[in-house]
Amino acid sequence: MYETILYEVSEGVAILTMNRPDKFNAFNERMNKEITDALKQAQKDPEVRCILLTGAGRAFNAGQDLGDVLEGDVDFGGFLRNRYNPMILQFQKTEKPIIAAINGVAAGAGMSIALACDIRLASDKASLVNAFVNIGLVPDSGGCYYLPRIVGMGKALELAMTGEKVPAEEALRLGLVNQVYPTEQFWEESLAYARKLAALPTRGIGLIKRTMYKGLELGLEETLEYEAYAQEIAGQTADYKEGVNAFMEKRAPRFTGR
Ligand code: T3D
């Protein structure tokens with residue numbers, strides 16, 4: 001059913017692979033829509049307890065397919081509002097952990113979607129490029145929202161204004177990625193990480209995600225109130241009961257995601 005991505009669910013993990021390797025997995029309209037749709041599908045599917053986003057071939061994603069915007073006037077506002085913005089919003093709306101497995105270069109909007117994921121794992125051959133300035137554009141697809149929140153305003157401005165490539169090890173030092181793995185073990189390690197998250201209390205993790213992102217926008221008092229609200233929901237889950245029982249019985253918990 002999908003043309004530009006691959007989607008499969010295995011052992012609680014939805015693996016979403018951007019699949020235009022000859023274009024470095026650059027976005028066309030169909031890919032924007034298919035990623036949005038796949039995230040919605042993963043949200044609805046009770047079997048899915050973690051989402052792993054990666055790229056086919058050498059690259060993670062090189063941003064907008066520049067071949068598609070070469071001719072004619074581009075309505076940039078409409079372009080972003082109709083295609084990219086709904087896709088980026090869907091990352092936060094999805095109340096399951098989303099991991100970017102950055103297998104190669106992530107550039108332009110390809111870097112932005114990596115930043116919109118909750119956890120970023122990188123191969124030691126990967127890099128991130130805030131490439132927008134190199135063609136005279138502004139970071140979009142949430143780049144101006146996530147980048148300064150992740151690395152701080154000073155570094156964010158530097159990366160956005162210079163458009164320089166950040167290699168994986170440097171990205172780790174900056175906190176742009178959470179882990180770097182050698183290329184040979186990269187996929188195995190990424191899958192293991194995703195499976196580990198998929199075995200944890202999925203509803204609790206969804207609430208952690210929602211409450212953390214809310215906290216970015218709210219003051220202390222409102223955040224405290226939101227935490228109390230989220231905890232009321234988390235405290236009703238089967239996984240909370242299982243967690244407490246397992247602790248008292250001195251055994252490993254068996255979370256079901258409910
Ligand atoms: O209208 C709008 O643009 C609004 C939307 C904005 C959203 C955006 O994402 S704007 C930013 C768009 N992306 C870029 O500007 C990145 C352009 N690409 C690069 O800077 C470099 O290709 C990379 C840093 C990503 C990788 O460099 P390198 O040296 O490893 O590879 P390469 O040789 O440059 O590229 C490899 C192939 O991928 C090549 O094709 P070929 O010659 O082997 O047939 C190249 O043309 C293709 N490719 C890479 N990026 C894109 C692309 N093809 C189409 N669109 C791309 N964005």
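Basis for what follows: all heavy atoms, side chains included, without hydrogens, waters or symmetry-related copies. The first residue in the sequence is number 1, and the count goes up from there.
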* Structure fact -> The reported gap from OG in S190 to CG in L53 (rounded to nearest 0.5 angstrom) is 11.0 Å
* Test D118 against K209 for salt bridge (charged side-chain N to carboxylate O under 4.0 Å, His left out), laying out the working first. => CA-CA 8 Å; D118 307 311; K209 174 169 173 172; 2.9 Å; yes
* Asked: Does the side chain of Y240 come under 3.5 Å of the side chain of N245 through a donor N or O and an acceptor N or O?
  -> no
* Atom CG in N134, atom CD in E164: separation rounded to 0.5 Å? -> 9.0 Å
* Structure fact -> Minimal heavy-atom distance between K96 and Q43, with the atoms involved, is NZ-O, 3.1 Å
* Any side-chain heavy-atom pair of I98 and L39 under 4.5 Å -> yes
* To do: Might you point out which heavy atoms bring P86 and R81 nearest each other, and give the distance in Å?
  => CD-O, 3.2 Å
* **Cation-pi, F79 ring and R83 (6.0 angstrom, 45 degrees)** => yes
* When rounded to the nearest 0.5 angstrom, what is the spacing between CD in E3 and CG in N28? -> 9.0 Å
* What are the two closest heavy atoms between P97 and I205, and how far apart are they? -> CD-CG2, 3.6 Å
* **Lys/Arg cation over aromatic Y145: R149, 6.0 Å, 45° cone** => yes
* Which atom pair, heavy atoms only, marks the closest approach of F255 to A199? -> CB-O, 3.6 Å
Under 3.5 Å, side-chain donor or acceptor atoms of residues 124-132 against the rest of the protein: list the pairs with distances, not counting sequence neighbours.
| residue | atom | partner | partner atom | Å |
| --- | --- | --- | --- | --- |
| D124 | OD1 | T183 | N | 3.1 |
| D124 | OD1 | T183 | OG1 | 2.5 |

* What class does the angle between the rings of Y7 and Y2 fall in, given that below 30° is parallel, 30 to 60° is tilted and above 60° is perpendicular? -> perpendicular
* **Flag for Q64-Y84: side-chain donor and acceptor within less than 3.5 Å** => yes
* Structure fact -> Here the pair of heavy atoms bringing A101 nearest to F186 is C-CZ, 3.5 Å
* **side chain to side chain donor-acceptor pair (under 3.5 Å) partners of residues 98-116, not counting sequence neighbours, each pair once** => T54-N103
* To do: Under the side-chain contact (heavy atoms from CB on, under 4.5 Å) rule, what do Q179 and Y181 come out as? Steps first, then yes or no, please.
  => CA-CA 7 Å; Q179 299 286 340; Y181 300 115; 3.6 Å; yes
* Tell me, with the steps shown, if Q90 and K93 meet side-chain contact (heavy atoms from CB on, under 4.5 Å). => CA-CA 5 Å; Q90 192 57 45; K93 284 184 194 159; 4.0 Å; yes
* To do: State, yes or no, whether a side-chain contact exists between L52 and L191 at a heavy-atom distance under 4.5 Å.
  => yes
* Are I113 and I88 side-chain neighbours, meaning at least one heavy-atom pair lies under 4.5 Å? -> yes
* Give a yes or no on whether E47 atom CD has more than 12 heavy-atom contacts from other residues, nucleotides or ligands under 6.0 Å away. => no
* **Donor-acceptor under 3.5 Å (K214 side chain, T223 main chain)** => no
* Stepwise, does the salt bridge (charged side-chain N to carboxylate O under 4.0 Å, His left out) test hold for R210 with E95? -> CA-CA 7 Å; R210 197 206 302 174; E95 292 208 350; 2.6 Å; yes
* T4 and E34 side chains, donor-acceptor separation under 3.5 Å -> yes
* Asked: How long is the gap from CE on M87 to OG on S141, to the nearest 0.5 Å?
  -> 5.5 Å
* Run the side-chain contact (heavy atoms from CB on, under 4.5 Å) check on T202 and V48 step by step: do they pass? -> CA-CA 9 Å; T202 310; V48 173; over 6 Å; no
* Structure fact -> Scanning both residues in full, the closest heavy-atom pair of N61 with A26 reads OD1-CA, 4.3 Å
* Decide yes or no on salt bridge (charged side-chain N to carboxylate O under 4.0 Å, His left out) for K33 and E29, but give the supporting numbers first. => CA-CA 6 Å; K33 297 218 152 82; E29 185 167 3; 3.0 Å; yes
* Test salt bridge (charged side-chain N to carboxylate O under 4.0 Å, His left out) applied to E242 and R251, step by step -> CA-CA 10 Å; E242 168 61 8; R251 62 172 173 81; 2.8 Å; yes
* Asked: So do the side chains of V9 and I15 get within less than 4.5 Å of each other, counting heavy atoms only?
  -> no
